[in-house]
Amino acid sequence: MISTTAAYLAVANNLSRQQAATASQGDVKNATDYYLANIGKVQTVGQFVNNYQLFSYAMKAFGLSDMTYAKGLMTKVLNGGVTSSSALANTLSDPRYKAFATAFNFAANGTSTTTSTAATTGTTAKYVEQTLEDNQGKTNQGVSNALYFSRHASSITSVYGLLADSTMLSVVETAYGISSTLGQSDIDTQAAVLTRVVPIADLQDESKVAKIISRYTAQYDVSTSASATNVLLADTSDATTSILDAANGIGSTVAADSVLNLFDTTAAQSGVSSNLLLSLAKLHKGG
């Protein structure tokens, strides 16, 4: 089976050709043709969010498909624009909202908003990129995540923006072996740890982003393989339950009756513990 690193490079090194192939897919081409033929007719925020075919296309383009239902929130984001520091798009930590409000800046550009390059071909290009990533995810989610990280890294300007984007955060956590238990800490502690591991300035540097992705794709295969082999740690005294638990990541010790103990070996838990991460940040739980 091809490695995640090899699969990612196969796409990344031929990105233009891959994007062109994605754009020519029947469903993608039809959706894009409709979008370009009709988006310029939209003159208000209300018309935009209430046209599901256009709005859902644009939301997918900006990686916000899961928020398409939130028309009220998105109406406020769009009406607020991006000029004022207190605008909703500027106060939300996830940079995708600001990017969306910038492309569809009704607050500043009024009825001419939907004829701009950002709202037309700029959005269709993003839609194709997002669809390419989604298609890759059907075969290997690691490749999809790596492509997403490569495309969005430079848009992250604060550690809180990184924390707000679950895909970006997942890539960093996997690349550096950060335990998911870090998420149980308060937000400032999480921010301190991530800043020490990956300075935000690194996300503006293409070479450093490439190194992070290289670490991620390698570790993704390791972590995926580890999840599969964790079945060997299961307590076979209740085979059905324990093996399913192990496969789902429940339990982290070698049971007395585990299959692994038949080989007289020991297992080490991978990743970085929350206590170690807190130490790295020179912080302690509770203060």
- What distance do S56 atom OG and Y127 atom OH have between them, rounded to the nearest 0.5 Å? 7.5 Å
- Task: If a pair satisfies side chain to side chain donor-acceptor pair (under 3.5 Å) and one of its residues is in residues 74-86, list it, with sequence neighbours excluded.
- Result: S84-S86
- Are any of the side-chain heavy atoms of L15 and L132 separated by less than 4.5 Å? yes
- Task: Could you check T120 against T115 for side chain to side chain contact (heavy atoms under 4.5 Å, CB included), going step by step and ending with a plain yes or no?
- Result: CA-CA 6 Å; T120 54; T115 58; 5.5 Å; no
- Establish, from distance only, whether the side-chain atoms of T217 and T4 form a donor-acceptor pair under 3.5 Å. no
- In one Ile/Leu/Val/Met/Phe/Trp/Tyr side-chain cluster, 4.5 Å: F55, F106: yes
- Query: Would F100 and M59 satisfy side chain to side chain contact (heavy atoms under 4.5 Å, CB included), going step by step from the backbone distance to the final call?
  - Reply: CA-CA 8 Å; F100 190 84; M59 289 289 278; 3.8 Å; yes
- Query: When hydrophobic residues are tied together by side-chain contacts of less than 4.5 Å, even through go-betweens, does I178 share a cluster with L163?
  - Reply: yes
- Could you go step by step and tell me if T114 and N109 meet the side chain to side chain contact (heavy atoms under 4.5 Å, CB included) rule? CA-CA 9 Å; T114 55; N109 302 321; over 6 Å; no
- When every non-hydrogen atom of A58 is compared with those of T123, the smallest separation belongs to CA-CG2, 4.1 Å
- Query: Minimum heavy-atom separation for V209 to L203, with atom names?
  - Reply: CG2-O, 3.6 Å
- Compare all side-chain heavy atoms of M67 with those of Y97 and state whether any distance is below 4.5 angstrom. yes
- Item | For the student: nearest non-hydrogen atoms of L78 and F104, plus distance | CD2-O, 3.4 Å
- Message: Could you measure the distance from the CD atom of E133 to the CD atom of Q18? Nearest 0.5 Å is fine.
- Response: 12.0 Å
- Not counting sequence neighbours, list each pair that qualifies as a side chain to side chain donor-acceptor pair (under 3.5 Å) and has a residue in residues 29-52. K29-D33, T32-Y57, N38-K41, N50-K71
- Message: Under the rule for salt bridge (charged side-chain N to carboxylate O under 4.0 Å, His left out), what residues qualify as partners of E173, not counting sequence neighbours?
- Response: none
- Which value, rounded to the nearest 0.5 Å, describes the distance between Q130 atom CD and T22 atom OG1? 11.5 Å
- Query: Do T131 and D134 have side-chain atoms, one donor and one acceptor, less than 3.5 Å apart?
  - Reply: no
- Are V45 and L92 grouped together when hydrophobic residues (ILVMFWY) are joined by side-chain heavy atoms under 4.5 angstrom apart? yes
- Item | T68 and L64, any side-chain heavy atoms less than 4.5 Å apart | no
- Kindly say whether F62 contributes a backbone atom to a donor-acceptor pair with the side chain of R96 at under 3.5 angstrom? no
- Task: Apply the test side chain to side chain contact (heavy atoms under 4.5 Å, CB included) to residues I213 and S150: give CA-CA distance (whole Å), side-chain angles for both, the deciding distance (0.1 Å), then the verdict.
- Result: CA-CA 8 Å; I213 291 173; S150 177; 3.5 Å; yes
- Message: Quick check on the hydrophobic clustering: are I2 and L9 connected, directly or via other members, by side-chain heavy-atom contacts under 4.5 Å?
- Response: no
- Item | Over 12 foreign heavy atoms within 6.0 Å of NZ, K98 | no
- Decide yes or no for V172 and F149: does some side-chain heavy atom of the first lie under 4.5 Å from some side-chain heavy atom of the second? yes
- Task: Could you tell me the separation between the OG1 atom of T195 and the CG atom of L162, rounded to the nearest 0.5 Å?
- Result: 8.5 Å
- Sequence neighbours left out, what pairs pass ring pair (Phe, Tyr, Trp, His ring centres under 6.0 Å) with at least one residue falling in residues 63-95? none
- With sequence neighbours excluded, residues passing side chain to side chain donor-acceptor pair (under 3.5 Å) with N14: none
- Where I156 and G161 come nearest, the two heavy atoms and their spacing: CD1-O, 3.8 Å
- Item | G81 backbone acceptor or donor facing N105 side chain under 3.5 Å | no
- Is there side-chain contact between Y148 and M168, with heavy atoms separated by less than 4.5 Å? yes
- For A7 against V143, the heavy-atom pair lying closest together: CB-CG2, 3.6 Å
- Distance (rounded to the nearest 0.5 Å) between I200 CD1 and Y160 OH: 10.5 Å
- Item | Sequence neighbours excluded, every pair satisfying side chain to side chain donor-acceptor pair (under 3.5 Å) that has a member inside residues 198-216 | N145-Y216, D202-K208, D205-S207
- Task: Find the distance between CG (L54) and CD1 (I39) and round it off to the nearest 0.5 Å.
- Result: 5.0 Å
- Task: Please tell me if the side chains of V42 and T111 come closer than 4.5 Å, counting only heavy atoms from C-beta onward.
- Result: no
- Could you tell me which non-hydrogen atom of Y8 sits nearest to which non-hydrogen atom of A146, and how far apart they are? CD1-CB, 3.6 Å
